[in-house]
Colleague: 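Have a look at the structure that comes next, please.
Please read these numbers as outputs of a predicted model, since none were measured by experiment.
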Amino acid sequence: MKSILYCLLLLSCLTLACGKTDLSKLDETIYVRYNGADMPAYVHGNGSDKVFLVVLHGGGSFGLAFRTPDFRRELESRYAVVYWDQREQSMSQANQAQALSVGERAKDVGALLSVLKAKYGEDIKLFLFGHSWGGTLGMTYLLQEGAQEQLKGWIMASGAYDFPLTIDERYLLLLDVSEAAVPNPNDMREQQWIDLNTELRALNQDSLRSDPDLLRPYVEDALRYLLLDNEILPANLGNLYRTTIVENNPLYWWLNDRASKPYLEARDAGYALRERLAEITLPTLLLWGRFDLSVPPALGEIALAEQGSVDKTLVILEQSEHLPYLSESEQFLAEMIAFVERLK
Amino acid sequence: MQRIALLTLLMGFLSFNLSAQKIDTPEWDVSYVGNNLWNPGLQFGRLIPGLGRHEGPVIYQAHLGAYWDPQAQFNLYAFAGWQYRGSFSKRDYFDIRISPVGLLRSFYPEAYRVLDNGNTDKIFLPGRWYYAPEFSLTWGFRPKNEQIKQVYFGPQLFLLLPYNSRILPILNFQIGLNLKSN
């Protein structure tokens, strides 16, 4: 019995032991305690150049969802990548009695950056990468006082920075895609596209903002047809399942996601930042899937046109929908690396 | 149709000829617990017959355990309550455990507190406390080894509260042994 207890004690000591300090092989978890929440940041990769890429995950996701073999091979070999579980998501812990605004949630990003600087030095070069809801959160953070001065660059992929605009553009993209497919004589699903288009035109567009889920079945049908037509590449779901089950505790993630959906609260509240795009002057890389029926590429085009940055680029991934980092990961990561290398 | 199915199930369950199992000597309980293969845990317990006067199927139990989420945290917990043992046959058992008194402490590898002015300070032994009542239902059988009272397996449910905005139910799988105390 005693030996078992000693083993248990040893296991806890090993777990509590301080992380490695070798910047070239970072592999550690640091919690950020801020405003009542404890949020884990999983830091992996090569921090020799002091370049830290902070990942803001999308709605219903988790930090380590991005830790695919491609991210490990291409990004972690060059930079320190910080996969972070946002407040109330996945392994984060809090005693959260009241719902928080997007602005209050975005302050957590600032807290995370403060901890990274405290741990790895004030001279680290920080890049922020937000996907989907992570784009909403990241852009909200950038608009807070002094935030852009903390960073070298901002990478937004499929960022839902304006929910009413997202819903309008989703409807328009569905119409475009269904019409463009019809004249194609090779399209085996011509009648299905025609039916989809007819049904879309019969929808009352004004009702979509109050009930955006009306479009969901049409989006699902359209994505299925696009996949069958070889217009889009399938996302590498094997990587997604691997990160969900092996890298992460799926039970904590799933249960916490059921309990808290800040992106839906923001959507239902009509959260919109288009009017403030001009205030963002940080060098920016925008990455979008051509067939992103969740957050259409029109939002990327608008951000490119209206954002205040001098250094801004939009890259459209021609055969992707909402998860281009899984479907066209090679090009996606090459663009990210080129952006970071240029600005680090 | 649903009523007939329910009735059939109930009759099938009763046909096992369930009976309470008298537990008259203390036992040790050792088990593996975890909610997936990557967060392993160990649990130790002591089962004590009811204070001498009430030897029977309901006994007192107290457990201490730990499980580990390799990427994120280590959890240490303790719980106590009652355990009921019934039998399907001479060698097959089931145990129902209810532990209203439970406490769990999470431990993080490293944590920093961020103040409103942006300053940070490192936290000593970071983690959180949770009230953690526990329930479990296991099925077991008695092997030929006399020292082993039963080998069992089954689900275990922890409720962690307050957790984020609500309760977090943690469903574990456990597999273990009940050993004779002497």
Colleague: Apply the test ring pair (Phe, Tyr, Trp, His ring centres under 6.0 Å) to residues B:Tyr108 and B:Phe74: give CA-CA distance (whole Å), side-chain angles for both, the deciding distance (0.1 Å), then the verdict.
Modeller: CA-CA 7 Å; B:Tyr108 314 142; B:Phe74 180 78; over 10 Å; no
Colleague: Please determine, by modelled atom types, if B:Asp95 and B:Gln83 share a side-chain donor-acceptor pair under 3.5 angstrom.
Modeller: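 Looking only at side-chain atoms, B:Gln83 and B:Asp95 do form a donor-acceptor pair, the distance falling under 3.5 Å.
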Colleague: Quick one: of B:Leu160, B:Asp116, B:Leu168, who has the most non-hydrogen atom pairs under 4.5 Å with chain A?
Modeller: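 Highest number of pairs under 4.5 Å: B:Leu168.
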Colleague: Checking ring pair (Phe, Tyr, Trp, His ring centres under 6.0 Å) between A:Phe129 and each of A:Tyr325, A:Phe66, A:Trp154, which is the one that passes?
Modeller: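 So, applying the ring pair (Phe, Tyr, Trp, His ring centres under 6.0 Å) to A:Phe129 and each of A:Tyr325, A:Phe66, A:Trp154, only A:Phe66 qualifies.
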Colleague: Select one option (side chain, backbone, both, neither) describing which atoms of A:Ala37 are under 4.5 Å from chain B's heavy atoms.
Modeller: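 Just its backbone gets close to chain B.
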Colleague: Exactly one of B:Tyr163, B:Tyr77, B:Phe135, B:Tyr130 should register a ring pair (Phe, Tyr, Trp, His ring centres under 6.0 Å) with B:Phe158. Which one does?
Modeller: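 Filter result, single survivor: B:Tyr77.
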Colleague: For chain B, which residues from residues 68-85 of chain A have at least one heavy atom closer than 4.5 Å to it?
Modeller: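 Listed by number: none.
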Colleague: What's the separation between atom CG in B:Asn35 and atom OH in B:Tyr67, rounded to the nearest 0.5 Å?
Modeller: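 One finds 6.0 Å between CG of B:Asn35 and OH of B:Tyr67.
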Colleague: Between A:Lys117, A:Gln93, A:Met39, which has the largest tally of heavy atom pairs under 4.5 Å with chain B?
Modeller: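 Looking at each option in turn, the highest pair count goes to A:Gln93.
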Colleague: With a 4.5 Å limit on heavy-atom distance, are the side chains of A:Gln89 and A:Lys261 in contact?
Modeller: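 No, every pair of side-chain atoms sits at 4.5 Å or beyond.
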Colleague: Identify which part of B:Arg166 has an atom lying under 4.5 Å from any heavy atom of chain A, answering side chain, backbone, both or neither.
Modeller: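 It is the side chain, since no backbone atom gets that close.
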Colleague: Under 4.5 Å heavy-atom distance to chain A, tell me which part of B:Ile170 shows up: side chain, backbone, both or neither.
Modeller: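 For B:Ile170, heavy atoms of backbone and side chain both lie under 4.5 Å from chain A.
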Colleague: Can you tell which part of A:Leu251 gets under 4.5 Å to a heavy atom of chain B, answering side chain, backbone, both or neither?
Modeller: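 When you check distances to chain B, only side chain atoms of A:Leu251 fall under 4.5 Å.
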Colleague: For A:Tyr141 and A:Ala147, work out which heavy atoms get closest and say how close.
Modeller: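 Nearest heavy atoms, A:Tyr141 then A:Ala147: O-CB, 3.0 Å.
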Colleague: Can you see whether A:Asp38 engages A:Ser92 through a side-chain donor-acceptor pair at a distance of less than 3.5 angstrom?
Modeller: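 No pair is found: no donor N or O on one side chain lies under 3.5 Å from an acceptor on the other.
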Colleague: Does the side chain of A:Thr29 pick up a donor-acceptor pair with the side chain of B:Glu110 at under 3.5 Å?
Modeller: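 B:Glu110 and A:Thr29 do not have a side-chain donor-acceptor pair below 3.5 Å.
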Colleague: Compute whether any side-chain donor of one residue and acceptor of the other, for B:Glu134 and B:Ser99, lie under 3.5 angstrom apart.
Modeller: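 Yes, because at least one side-chain N or O of B:Glu134 sits under 3.5 Å from a partner of the opposite role on B:Ser99.
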Colleague: Please look at A:Leu112 and chain B and tell me whether the side chain, the backbone, both or neither of the residue comes under 4.5 angstrom of a heavy atom of that chain.
Modeller: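 Contact with chain B: none, neither part.
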Colleague: Non-hydrogen atoms of chain A under 4.5 Å away: do they reach the side chain of B:Asn172, the backbone, both or neither?
Modeller: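 The answer is neither part of B:Asn172.
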